[in-house]
Every structure is written in structure tokens, then in C-alpha cells.
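Reviewing the structure listed below.
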Protein chains: 2
Amino acid sequence: MYDYIEILMHIAKKGLFDVIKTSTLKIASELDVSQQTVSRDLRDMEKLGLIKREATPNGISIVLDEKGIDFLKKHFNELNKIFERKKELCGLITKGIGEGSYYVGLDGYQGQFKKKLGFKAYPGTLNIKVDEKDALSFLNSSEMIGISDFSTKKRTYGTLKCYKIKINGINGAIVVPERARHGKEIIEIIAPVYLRDKLGLKENQKVKLSL
Amino acid sequence: MYDYIEILMHIAKKGLFDVIKTSTLKIASELDVSQQTVSRDLRDMEKLGLIKREATPNGISIVLDEKGIDFLKKHFNELNKIFERKKELCGLITKGIGEGSYYVGLDGYQGQFKKKLGFKAYPGTLNIKVDEKDALSFLNSSEMIGISDFSTKKRTYGTLKCYKIKINGINGAIVVPERARHGKEIIEIIAPVYLRDKLGLKENQKVKLSL
DNA sequence: ATTACTAACAGGCGAGTAA
DNA sequence: TTTACTCGCCTGTTAGTAA
């Protein structure tokens, strides 16, 4: 069944319920295989009940049949489970290693923060200790915003990956340096305000991040 | 890339970010191929950067690598577009052909309606003319509730597919006979009340169905 | 137990071509 | 132009084993 997923996807993209008028040669070039392979595959797929097909001397009409749609649907459901969105992430306030504070304050970053995140960052990061897998799932389900690298006369500052979040309700962003200095069990948060004061946070206190 | 989708899915199902401890033989039997094929494929996938792999004389550890996750994610996004949920469906009130009215009133169906849909149906159907493709998309994004067939001494009554909906805000259900008597450009609605009166509906009036 | 090499084999692929 | 058949080739698969 998975043998045909590429062709199934190709048809489905043009319309899950539409009758596609095309030709084996066209599909062949789109999928980068030979006309003969497409012809054979489509006939096989018809036999399996994945598609309905009508071949004429000047083209071919295809629609997904019930089994084809069901297969894609089932496959889609599996992916849905795999990518199940994590909408919250909990962690504990942790002592910063101090590095982030310096970097995020730099103008080369601040301009981009303002433009891409909508705020200038308080020059310091709040470090939060989280479960690494939970963090990955959480980050995975939010949109990555790229912050470009830049150089001064002295040195180069690397690119950052940012993810907009709310922390205890306040807007902020997770910042992940491309070249991470620590593992992903500690994440760094920036925000337009000094979060420790604003939220009255203390060491080891629990906080909740949301999308 | 699609060559490896089955194995990628297999790994991802066990945990998108987890290190899977398993063996080539185990995967082989789960995917119904030979141990050698799994071994070769995993090595190839590692070369392509789809997974990270650690093989020992007593098993193998696998994690999805960045490229593998990206591929699945991209694929997932394509499916998301394909199955984009239609949350509303508009149509025009149409004269019933009258058949439905008789059937839905039968006890063999009514008991199941009560149990599975939560209401006994007013013995009549409201017929709505809709765009066939829109209808398919709409039905496709709502859950199918199966109503079993049953027999009397005289004859057999076929199975029905039902889909819970709201029509102009009132709870009801679309009923599709397994053996459709008319094309899918006309759909039949049942509800606990007589919809024509309740909603003050007239021929050719526009109505809105929602999930 | 494992993984993975080698070698034999089967089946899929595409070039050529008929209809 | 099409689709689709035949057939040779080559790739991917598996059986047998080594490590």
C-alpha cells in the first residue's frame, strides 16, 4: 500500500474528490519516473481499488476511490497522533549561566527581535529547566522564527531560533542559539520586561509556558 | 525519500524524539520484510541523515534525525492541506422524494438513532441540495456513525451512515443510505423535531449546516 | 543473541514499440 | 498524440553465513 503513497498524494493534492484529467507522461515527469511505470502503477492501483481510472488514446482520468481515500486518511490520523500538539510546557526557574544576558542585549539582535517578535528584549534571559522531550514536542508545535547572525569588527554572533510563547500569561519568546552551549534541558526566555520582577519569580519556582 | 516512509513512520510512532531500543529482526517482523532489508535500509537512512543509529551485537538503537523529522513534518503539512477541514456546508431546501420519511420512522432505525445520535428522529427527512464536492469534504471531516441494517418478516432495511450536524443551530444528522437512491448532490437531514416548521423553512431557502 | 556481508534471485523499471 | 505491451536490465530483496 505504501508503495503507492507518492502517486496517491500526487492525486490527492489536486483534489481529494476531483476527477483529474491528465496523462501518464505528465504524471511521470512530475514524479520523475517513466511513463511506463506510471501506466503500470495506475493499473495496479485500480485493481487494488485505490483509484478509479479511465484511459483513452488522448489522456487519462483518475479519481481516488474509497480505499485510496481511507488509506490516506488513516495515514493522516497516524501522523496526527505523532505530531500531537503540546500546548503547554512546565519547568522550573533556574539560575542563568549569565551568557545569554549579554548576547540578547546586542543591537544586532535587538533590531531583529523588534521586527520579528514585536518587542525589544529586556537584556537578560530567564532560564527554565524542563524535560527535554517535552520541550522538543512543544517547540516542534510552534513556529520557528529565525534570527540572523551578524558580525562586529571583533567577532561573529550566531543565528538564533526563536519561538513566541507566553509565560504565566506574559508575551515572550524561547531563544535557542544555533550552537547551543548547554543541552536542551534548559531553555532561555526573553521578554520585553524583566520577568523575575514582573512575575515575582524565585529560584526553583514552577512556571507554565503556553503557545 | 518516500522509499523509507514506512520505516520512518514505524520509528516515529514509538516516539518522535525517543531513542528506540530494538533489533532489526523485530522491525523486520513488524513490517513484514527480511532482517537483511531492515539492516540495509537503516544503514542507508543513516547515510541520508534521516536517522541516527547505533548497532551493537545485541540490538540496535535508533532516533529520528533532523532530516527525518523534517520530512515527516513536511509530509504531514501536505496531508493537512489535503484534508483541510470544511466546517460549514450551505445548501438549498429541496422537495423530498418522500422515501426517507417512511424509512427513518421505522423502529429498527429509531432505536439506534436514540442510542447513537441521542435523539429519536421526527419521521421525515429534510432534503437539501448541495455541491457534491463540498458535501464530500464536509462529510469527510465529521465522524461517521454507522446505523446497522435490520430485517422484518417482509424485507431487509439497509445500513445507514449518519453524521451529527447542526442545521441553523439545531441538532440533527445527515443520513446517507448505504445504497444511495439519489446522487450525493442531495443530502437528507433528520432531527428530533420537524425542521420545516421549527425553522420556518420554505422551498429553495438557503440553510447552513455546521459540525 | 545480535548485525551485516556475499551471492543468488526475483521483481520492478524503462526502452522500444504496437495499437 | 495517447496507453500499454514485451523484454532486457538492473536494483532491491532475501537466504546463507561470518563475526
Side-chain angles (χ1 to χ4, degrees), chain A residues 1-15 17-68 71-72 75, chain B residues 1-15 17-68 71-72 75:
Chain A
M1 217 68 153
Y2 272 100
D3 302 349
Y4 301 113
I5 192 167
E6 211 166 349
I7 297 190
L8 281 175
M9 289 290 292
H10 190 75
I11 300 169
K13 272 185 216 169
K14 305 205 175 184
F17 303 108
D18 294 354
V19 177
I20 314 295
K21 286 201 158 228
T22 179
S23 79
T24 52
L25 197 66
K26 197 171 167 230
I27 298 176
S29 78
E30 286 162 345
L31 296 184
D32 201 33
V33 289
S34 72
Q35 175 270 324
Q36 291 87 338
T37 295
V38 173
S39 173
R40 184 170 19 78
D41 283 355
L42 288 177
R43 277 174 280 141
D44 291 347
M45 288 166 74
E46 186 177 33
K47 275 181 203 153
L48 289 171
L50 294 172
I51 60 168
K52 287 178 196 157
R53 195 182 62 99
E54 199 154 356
T56 72
N58 47 267
I60 200 168
S61 296
I62 328 172
V63 215
L64 288 179
D65 203 348
E66 210 168 319
K67 274 192 193 173
F71 170 74
L72 284 179
H75 177 63
Chain B
M1 216 69 152
Y2 271 101
D3 302 349
Y4 301 113
I5 191 168
E6 210 165 349
I7 298 190
L8 280 176
M9 288 290 293
H10 190 75
I11 299 169
K13 272 186 216 169
K14 305 204 176 186
F17 304 106
D18 295 353
V19 177
I20 314 295
K21 287 201 158 228
T22 179
S23 79
T24 52
L25 198 67
K26 196 170 168 232
I27 298 177
S29 77
E30 286 161 346
L31 296 184
D32 201 34
V33 289
S34 72
Q35 175 270 322
Q36 292 86 338
T37 294
V38 174
S39 173
R40 182 173 22 79
D41 283 356
L42 289 178
R43 276 174 281 142
D44 291 348
M45 288 166 74
E46 187 176 32
K47 275 181 202 154
L48 289 171
L50 294 172
I51 60 167
K52 287 178 195 155
R53 196 182 62 99
E54 199 153 358
T56 72
N58 47 267
I60 198 167
S61 296
I62 328 171
V63 215
L64 289 179
D65 203 348
E66 209 168 320
K67 275 193 192 171
F71 171 73
L72 284 180
H75 177 63

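Sequence lines set the chain letters: A, B, ... in the order given, protein chains first and strands last, and positions in each chain run from 1. Worth knowing before you read on, the calculation uses all heavy atoms, side chains too, and leaves out hydrogens, waters and symmetry mates.
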Approximate separation, where rounding is to 0.5 Å, of [X] [atom1] and [Y] [atom2]:
{"X": "A:Lys67", "Y": "A:Ile51", "atom1": "NZ", "atom2": "CD1", "result": "13.0 Å"}
{"X": "A:Met45", "Y": "A:Met1", "atom1": "CE", "atom2": "CE", "result": "9.0 Å"}
{"X": "B:Leu50", "Y": "B:Ile62", "atom1": "CG", "atom2": "CD1", "result": "12.0 Å"}
{"X": "B:Gln35", "Y": "B:Thr24", "atom1": "CD", "atom2": "OG1", "result": "4.0 Å"}

When you compare the protein's N or O atoms with those of nucleotides 16-18 of chain D, which come within less than 3.5 Å of each other, and at what distance?
residue	atom	partner	partner atom	Å
D:dG16	O6	B:Gln36	NE2	3.0

Just to be sure I understand the rule, does [X] reach a base, reach only the sugar-phosphate, or reach nothing, if contact means heavy atoms closer than 4.0 Å?
{"X": "A:Ser39", "value": "base"}
{"X": "B:Thr37", "value": "base"}
{"X": "B:Arg43", "value": "sugar-phosphate"}

Check the distance between [N]'s [atom2] and [X]'s [atom1] and give it to me in whole angstrom.
{"X": "B:Asp44", "N": "C:dC5", "atom1": "CG", "atom2": "C1'", "result": "14 Å"}
{"X": "B:Leu42", "N": "C:dT3", "atom1": "CG", "atom2": "P", "result": "9 Å"}
{"X": "B:Leu31", "N": "D:dT13", "atom1": "CG", "atom2": "P", "result": "12 Å"}
{"X": "A:Arg53", "N": "D:dA4", "atom1": "CZ", "atom2": "C1'", "result": "9 Å"}
{"X": "B:Tyr2", "N": "D:dG12", "atom1": "OH", "atom2": "C1'", "result": "21 Å"}
{"X": "A:Asp3", "N": "D:dT13", "atom1": "CG", "atom2": "P", "result": "10 Å"}
{"X": "A:Ile7", "N": "C:dG12", "atom1": "CD1", "atom2": "P", "result": "13 Å"}
{"X": "B:Ile60", "N": "C:dA1", "atom1": "CD1", "atom2": "C1'", "result": "14 Å"}

### Task
Compare side-chain N and O positions of B:Arg40 against OP1 and OP2 of C:dA4 and report whether any pair is under 4.0 Å apart.
no
### Message
Does a side-chain N or O of B:Thr24 approach OP1 or OP2 of C:dT3 to a distance below 4.0 Å, or not?
### Response
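Answer is yes, contact under 4.0 Å.
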#### Entry: Out of C:dT3, D:dT14, D:dA4, whichever nucleotide has its closest atom nearest the side chain of B:Val33
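Within the option list, the nearest is D:dT14.
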Name every donor-acceptor pair, under 3.5 Å, that has one atom in a side chain of residues 3-13 of chain B and the other anywhere in the protein, sequence neighbours excluded.
residue	atom	partner	partner atom	Å
B:His10	NE2	B:Glu30	OE1	2.7
B:Lys13	NZ	A:Glu78	OE2	3.4

### Query
Taking everything shown except B:Lys14 itself, do over 12 heavy atoms lie less than 6.0 Å from its NZ?
yes
### B:Phe71 ring center within less than 6.0 Å of B:Tyr2 ring center
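Between B:Phe71 and B:Tyr2, which both carry aromatic rings, the centre distance is below 6.0 Å.
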